[in-house]
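Each remark here refers to the structure printed beneath this line.
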Amino acid sequence: MTPKERMAIAPQAMPEQDPSVRARNMNEVALGYTAEMAMTEAKRCLQCPTKPCMKGCPVAINIPGFLAKASEGDFEGALKIIRETSLLPAVCGRVCPQEKQCQKFCTMGKALGDIDKAVAIGRIERFCADLARGQTAGDISASAVRATSTGKRVAVIGTGPASITCAADCARAGHDVTMFEALHKAGGVLVYGIPEFRLPKAIVQSEIDSLKALGVKIELNFVVGRTRKIKDFLEKDGFDAVFIGTGAGLPKFMNIEGENLVGVFGANEYLTRANLMKAYDENSNDTPCWRGKRVAVLGGGNVAMDASRMALRLGAEKVYLIYRRSEAEMPARKEEVHHAKEEGVEFLTLQNAKRILGNDNGSVTGLECLKYELGEPDASGRRSPVAIKGSEFVLAVDTVVVAVGNASNPLIPSTTEGLETDDRGHIIVNPETNMTSIQGVFAGGDIVLGAATVILAMGEGRRAAQGINRYLAG
Ligand code: FAD
Ligand code: SF4
């Protein structure tokens, strides 16, 4: 095909559940491409010799290579190429912010003057992974060949994407790996944070099952720093190396009046109750969750989008999303913003909470907000919001969900002597090996980067595993 013919192919839209139906169920919103759609979309790739899309991929997947295979209907061949560098394509095809990564640099999008018309790389990746999923247990099991045992033992703390990747790569290298997880279910944010309607939990579970099939042991309900300290693993329990992948699960709050009222949640708690504890499923679960009727969600990132869309699914009649900058500055994925709006979340941009109002019983009755305008760019490069004096107004709400960011959990740094962190509490590592200031102790993912993305966490886990393998080889 000539480039002109490729450019004439219409971008393939993703089939989705109808917004009015999906806003009240937990099933996945995006339904996935058919084989024909995946092939047609892959044919739009111009096979650029300079491969600009690859520069935007944190794990440098050979994108034109896999798209060429997919365009011929060789989805198995396409997946083989993806798996050379990515361990979790079914997850990443769903949740990666492609519009800020590979698709941002795509020549097709640029030539058509619209980033939304870039080749839908993530959707094709997802299709290839889902197709194979019907035939194998999961992405990890399909690419798992275990080397002969080295006799070395590795402790992996946490079970999020950084830890899953590190554990898989260490197990494949022949080490005896045990994971330690504070919660009662493995998967990190993939199970407790990102909702079922964006990432079905069966996908994450199949990867955890694949890890177990590789010989990885998983200890749940095990809080490292309390149940056992990092140095105990090395000095008392016979482990030869430790990986810390404990993420950034410490919620930040606004520090405004009324934040201690009944009906105020941190987004992590709200999502954990709904996702991990399955509070949305009233009929078969005992775990309660406050079902607000008028909900205000504070923030503009993926977490805020997930919380506001979850509020609808928990039965809210009205959901406001309150963000102090404009929509252009929102850190959330464009697709999530679009989905939230379609489902009926009302966006109140350039507005922010000033205080939460309550009644004599200590329950939320309203939210006093202030209007804002944009001033000069701040340190993040985004124009900073400036409050407009006297612009206060009150929204009648019974629930407020605070989703203004997460910080790293201080438990492990505060209980591990000699573990260096920066001023934000992130563990400092050698950028080539991911080794920390303690010999034999490695770290990666959000605990090193701050709240980031699944693919970056996965890349960190992979680099740390290489560091561990080299370290254990002496
Ligand atoms: P995590 O996934 O946070 O896993 C850390 C694990 O360590 C957890 O299971 C935790 O319980 C465990 N742990 C913590 N402390 C201890 C301890 N002391 N002992 C034992 N275990 C411990 N990224 C995207 O790319 N796309 C998205 O769409 C997206 N949406 C998101 C939505 C939400 C609601 C949230 C919260 C995050 C989202 N992210 C998204 C970010 C992404 O999920 C994270 O960057 C990624 O999960 C980080 O991986 P990790 O392995 O470093 O840590
Ligand atoms: Fe294909 Fe876009 Fe990558 Fe070019 S930049 S090779 S068109 S995916």
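Bear in mind the structure is a predicted one, so any value in this text is a computation, not a measurement. Remember, it's 1-based here, ligands and their atoms both numbered in the order they're listed.
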Counting only heavy atoms closer than 4.0 Å, does ligand 1 sit against the backbone of [X], its side chain, both, or neither?
{"X": "Glu336", "value": "neither"}
{"X": "Asp306", "value": "side chain"}
{"X": "Leu271", "value": "side chain"}
{"X": "Ala457", "value": "side chain"}

Of all the atoms in ligand 1, which lie at a distance below 4.0 Å from a heavy atom belonging to [X]?
{"X": "Glu181", "answer": "6 (C), 7 (O), 8 (C), 9 (O), 10 (C), 11 (O), 12 (C), 20 (C), 21 (N)"}
{"X": "Gly188", "answer": "2 (O), 4 (O), 8 (C), 9 (O)"}
{"X": "Ile194", "answer": "29 (C), 30 (N), 31 (C), 32 (C)"}
{"X": "Leu183", "answer": "11 (O)"}
{"X": "Ala162", "answer": "51 (O), 52 (O)"}
{"X": "Gly160", "answer": "2 (O), 4 (O), 51 (O)"}
{"X": "Val95", "answer": "24 (C), 25 (O), 26 (N), 27 (C), 28 (O)"}
{"X": "Phe222", "answer": "19 (N), 20 (C)"}

Taking only heavy atoms of [X] into account, list the atoms of ligand 2 that are under 4.0 Å away from them.
{"X": "Leu46", "result": "1 (Fe), 7 (S)"}
{"X": "Pro64", "result": "6 (S)"}
{"X": "Leu67", "result": "8 (S)"}
{"X": "Thr107", "result": "2 (Fe), 4 (Fe), 5 (S)"}

Between Phe347 and Lys341, is there a cation-pi geometry (under 6.0 Å to ring centre, at most 45° from the normal)?
-> yes

Within 45 degrees of the axis of the six-membered ring of Phe197 and under 6.0 Å from its centre: does Arg313 put its NZ or CZ there?
-> yes

Quick check on [X]: does its [atom1] atom have over 12 non-hydrogen neighbours (other residues, nucleotides or ligands) under 6.0 Å away?
{"X": "Lys104", "atom1": "NZ", "value": "no"}
{"X": "Met26", "atom1": "CE", "value": "yes"}
{"X": "Lys231", "atom1": "NZ", "value": "yes"}
{"X": "Lys278", "atom1": "NZ", "value": "yes"}
{"X": "Arg24", "atom1": "CZ", "value": "yes"}

When only distance counts, is [X] in polar contact with ligand 1, meaning an N/O pair under 3.5 Å?
{"X": "Thr453", "result": "yes"}
{"X": "Cys96", "result": "no"}
{"X": "Val189", "result": "yes"}

[atom]: nearest protein contact (heavy atom, Å):
{"atom": "atom 5 (C) of ligand 1", "answer": "Gly245 O, 3.4 Å"}
{"atom": "atom 52 (O) of ligand 1", "answer": "Asp446 N, 2.8 Å"}
{"atom": "atom 53 (O) of ligand 1", "answer": "Gly247 CA, 3.4 Å"}
{"atom": "atom 3 (Fe) of ligand 2", "answer": "Cys53 SG, 2.3 Å"}
{"atom": "atom 39 (N) of ligand 1", "answer": "Ala452 O, 4.3 Å"}
{"atom": "atom 2 (Fe) of ligand 2", "answer": "Cys106 SG, 2.5 Å"}
{"atom": "atom 21 (N) of ligand 1", "answer": "Ala182 N, 3.1 Å"}
{"atom": "atom 25 (O) of ligand 1", "answer": "Val454 N, 2.9 Å"}
{"atom": "atom 16 (C) of ligand 1", "answer": "Thr246 CG2, 3.5 Å"}
{"atom": "atom 1 (Fe) of ligand 2", "answer": "Cys45 SG, 2.4 Å"}
{"atom": "atom 7 (O) of ligand 1", "answer": "Gly158 CA, 3.3 Å"}

Pick from Thr272, Val156, Leu276, Val303: the one approaching atom 33 (C) of ligand 1 most closely through a non-hydrogen atom | Val303

Supply the atom-to-atom distance [X] [atom1] to [Y] [atom2], rounded to the nearest 0.5 angstrom.
{"X": "Gln12", "Y": "Arg44", "atom1": "CD", "atom2": "CZ", "answer": "8.0 Å"}
{"X": "Phe180", "Y": "Phe233", "atom1": "CZ", "atom2": "CZ", "answer": "4.5 Å"}
{"X": "Met458", "Y": "Ile164", "atom1": "CE", "atom2": "CD1", "answer": "10.5 Å"}
{"X": "Leu183", "Y": "Thr159", "atom1": "CG", "atom2": "OG1", "answer": "7.5 Å"}
{"X": "Leu190", "Y": "Arg94", "atom1": "CG", "atom2": "CZ", "answer": "12.0 Å"}

What I'd like to find out is whether the side chain of [X] reaches to under 4.5 Å of the side chain of [Y], using heavy atoms alone.
{"X": "Phe243", "Y": "Cys170", "value": "no"}
{"X": "Ile157", "Y": "Val224", "value": "yes"}
{"X": "Ile468", "Y": "Cys166", "value": "yes"}

Non-hydrogen atoms of Arg198 versus ligand 1: any pair closer than 4.0 Å?
-> yes

Is ligand 1 less than 4.0 angstrom away from at least one heavy atom of Gly249?
-> no

Indicate whether the side chain of Asn469 and that of His175 have a donor and an acceptor atom separated by less than 3.5 Å.
-> yes

Only one of Ile61, Ile63, Val59 passes side-chain contact (heavy atoms from CB on, under 4.5 Å) with Ile82, and that residue is Ile61

Taking both backbone and side-chain atoms into account, decide whether Cys48 has an N/O/S atom under 2.8 Å from atom 3 (Fe) of ligand 2.
-> no

Looking at Arg309 and Glu336, does any basic side-chain N land under 4.0 Å from a carboxylate oxygen?
-> yes

Is it true that Glu335 and Arg123 have a side-chain N and a carboxylate O under 4.0 angstrom from each other?
-> yes

